[in-house]
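A quick write-up on the structure given underneath.
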Amino acid sequence: MVKVFSGIRPSGKLHLGNYLGAIKNWIELQNSAQQSIFAVVDYHGITTPYDPKTYQQQIMDVVLDYLAAGIDPDPSADGPLLIRQSKVPQHTELAWLFNTITSIGWLDRLPTYKEQLEKTGVNNMALLDYPVLMAADILIYKSNLVPVGEDQLPHIDLTNEIAKRFNSLFGETLPVVKPHLAEGFRIMSLQDPTKKMSKTGDEGIALSDDPDTIRTKIKKAVTDSGKEVRYDEKEKPAISNLLTIYHLLSGKEIKTLEKKYDGQSYVEFKNDLAEVVVNFLKPFQEKRKKFEDNPDRVMEILTKSEEKARVLASSTLKEIKERMGLE
Ligand code: AQP
């Protein structure tokens with residue numbers, strides 16, 4: 001039985017990396033999996049500096065982005081669920097239980113922890129513990145497939161370490177979790193192709209950017225030396241990244257694109273890419289507006305999904321507590 005779980009922090013506007021690395025796969029999996037749960041992981045979002053005054057809006061913005069991208073929750077049947085993490089408190093309760101079997105040495109060597117420390121300068125317990133809560137997010141539903149971008153792979157490994165240790169200490173309870181990588185598992189920054197496109201500290205292309213903003217951002221995107229539009233991650237990381245975005249959004253093969261732009265300049269290539277992105281995001285933005293104009297419907301989707309998620313989560317938590325001698 002395939003059970004899917006994934007989430008995104010509401011730490012800023014969702015960008016093409018979030019879409020191509022994660023959400024696109026969620027949409028492909030949501031109908032074939034027996035269970036799929038997609039979360040706005042708002043407890044993860046407060047592990048780095050944030051503004052409480054705008055946080056509710058940020059959470060709702062991510063909800064709208066999910067719905068506009070094609071997440072199709074159906075909480076009344078056995079369809080996909082769309083939840084806010086903090087509305088299902090069993091996630092954090094399980095994280096506490098997992099803390100008791102997680103070695104600190106497993107956490108402080110994780111690359112994402114080190115990167116966030118460097119980026120924010122804030123070193124709090126929650127930042128270190130973030131991957132344990134992520135393990136709980138996944139395992140509270142006994143999920144076994146997690147569609148994520150490449151940066152999250154060490155967290156999936158940690159989830160399996162925790163599950164393995166739990167099973168060996170308390171008896172076979174938790175499943176093996178597999179990551180599911182999309183073709184766009186690593187979309188790089190438009191300013192620095194050695195770094196991934198990010199919500200914070202990066203001028204990535206937001207799904208909600210208007211056409212002129214998109215055109216300006218692509219025009220300003222760094223390019224490599226030389227003139228050729230050619231895919232070569234080592235020699236031409238910036239152009240390779242732009243070619244990947246072009247390929248994934250247009251469905252055209254990279255080889256076909258290289259031929260099309262043979263003898264043409266970066267400027268022509270970038271102008272066309274900008275129109276590909278604008279056209280791709282147009283229906284998304286129209287759909288988003290429809291949901292935005294219907295907040296009651298959105299709230300109903302969330303509350304019904306969360307109610308159902310609490311039932312599923314309570315059942316796993318009860319089993320885990322019994323195993324641990326807490327009930
Ligand atoms: N550039 C990317 N390319 C491919 N996939 C990506 N993801 C994020 N950036 C890229 C994937 O999107 C999902 C959500 O990630 P997240 O927001 O929970 O955490 P993050 O990886 O820390 O995202 P950001 O955008 O970089 O946010 P900030 O700036 O707040 O740290 C994950 O599946 C991730 O792999």
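One-based numbering along the sequence shown. Note that these values count all heavy atoms, side chains included, but never hydrogens, waters or copies made by symmetry. Indexing begins at 1, ligand by ligand and atom by atom, following the structure's order.
The option from Lys199, Lys13, Lys196 that lies nearest to atom 9 (N) of ligand 1, judged by heavy atoms, is Lys196. With distances taken over non-hydrogen atoms, the option nearest atom 32 (C) of ligand 1 out of His44, Gln152, Lys119 is Gln152.
The shortest contact between atom 5 (N) of ligand 1 and any protein heavy atom is with Gly17 O, 3.2 Å. What sits closest to atom 18 (O) of ligand 1 on the protein, heavy atoms only, is Arg9 N, 3.1 Å. Annotation: atom 8 (C) of ligand 1 to nearest protein heavy atom, Asn18 ND2, 3.3 Å. Among protein heavy atoms, the minimum distance from atom 28 (P) of ligand 1 is reached at Thr200 OG1, 3.5 Å. Summary of contacts: the protein heavy atom closest to atom 25 (O) of ligand 1 is His15 NE2, 2.8 Å.
Ligand 1 lies nowhere less than 4.0 angstrom from a heavy atom belonging to Gly12.
Residue Ser11 touches ligand 1 through its side chain alone, judged by heavy-atom distances below 4.0 Å. When heavy-atom distances to ligand 1 are checked against a 4.0 Å cut-off, Ile187 comes that close through both its backbone and its side chain.
Geometrically, ligand 1 and Pro147 share no nitrogen or oxygen pair separated by less than 3.5 Å. Polar contact with ligand 1: present for Gly149 (N/O pair, distance under 3.5 Å).
Every atom of ligand 1 is numbered from 1 in the order shown, and the set under 4.0 Å from a heavy atom of Phe185 is 3 (N), 4 (C), 5 (N). Per-residue contacts place Ile8 under 4.0 angstrom from the following atoms of ligand 1 (heavy atoms of the residue considered): 13 (C), 14 (C), 17 (O), 18 (O). Residue contact check: Asp151 has heavy atoms under 4.0 Å from atoms 21 (O), 34 (C), 35 (O) of ligand 1. Set against the non-hydrogen atoms of Gly184, the atoms of ligand 1 under 4.0 Å away are 4 (C). Heavy-atom contacts of Ala22 reach the following atoms of ligand 1: 12 (O), 13 (C), 33 (O) (cutoff under 4.0 Å). Residue contact check: Gly21 has heavy atoms under 4.0 Å from atoms 4 (C), 5 (N) of ligand 1. Interface of Arg186 with ligand 1, defined as ligand atoms under 4.0 Å from a residue heavy atom, comprises 3 (N), 4 (C). Listed by number with element, the atoms of ligand 1 under 4.0 Å from a non-hydrogen atom of Gln116 are 31 (O).
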Fill in: CA sep, side-chain torsions, deciding dist, call: Arg288, Asp61, salt bridge (charged side-chain N to carboxylate O under 4.0 Å, His left out)
CA-CA 9 Å; Arg288 192 182 195 282; Asp61 278 342; 3.3 Å; yes

Practice prompt. Please assess Lys260 against Asp272 for the test side-chain contact (heavy atoms from CB on, under 4.5 Å), listing each intermediate value before the final yes or no.
Written response: CA-CA 11 Å; Lys260 181 173 157 85; Asp272 287 356; 4.2 Å; yes

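Note: Arg297 CZ to Lys290 NZ = 14.0 Å, rounded to the nearest 0.5 Å. If you take CD1 on Ile162 and CG on Leu139, they are separated by 8.0 Å, rounding to the nearest 0.5 Å. Note that the CD atom of Gln30 and the CG atom of Asp72 stand 5.5 Å from one another [nearest 0.5 Å].
Cluster annotation: Ile320 and Leu326 are assigned to the same hydrophobic cluster (Ile/Leu/Val/Met/Phe/Trp/Tyr, side-chain heavy-atom contacts under 4.5 Å, transitive).
Close placement of the Phe280 and Tyr19 rings is indicated, their centers lying within 6.0 Å of each other.
Taking a 6.0 Å sphere around CD1 of Ile104, one finds it holds 12 or fewer heavy atoms contributed by other residues, nucleotides or ligands. No more than 12 heavy atoms of other residues, nucleotides or ligands lie within 6.0 Å of NZ in Lys13, so this atom counts as exposed by the packing criterion.
Salt bridge status for Glu300 with Lys304: present, with a side-chain N to carboxylate O gap under 4.0 Å. Salt-bridge annotation for Glu161 and Arg165: absent, with no side-chain N of the basic residue lying under 4.0 Å from a carboxylate O of the acidic one.
The residue from Tyr43, Tyr141, Trp96 that alone fulfils the ring-ring contact (aromatic ring centres under 6.0 Å, His included) condition with His91 is Tyr141.
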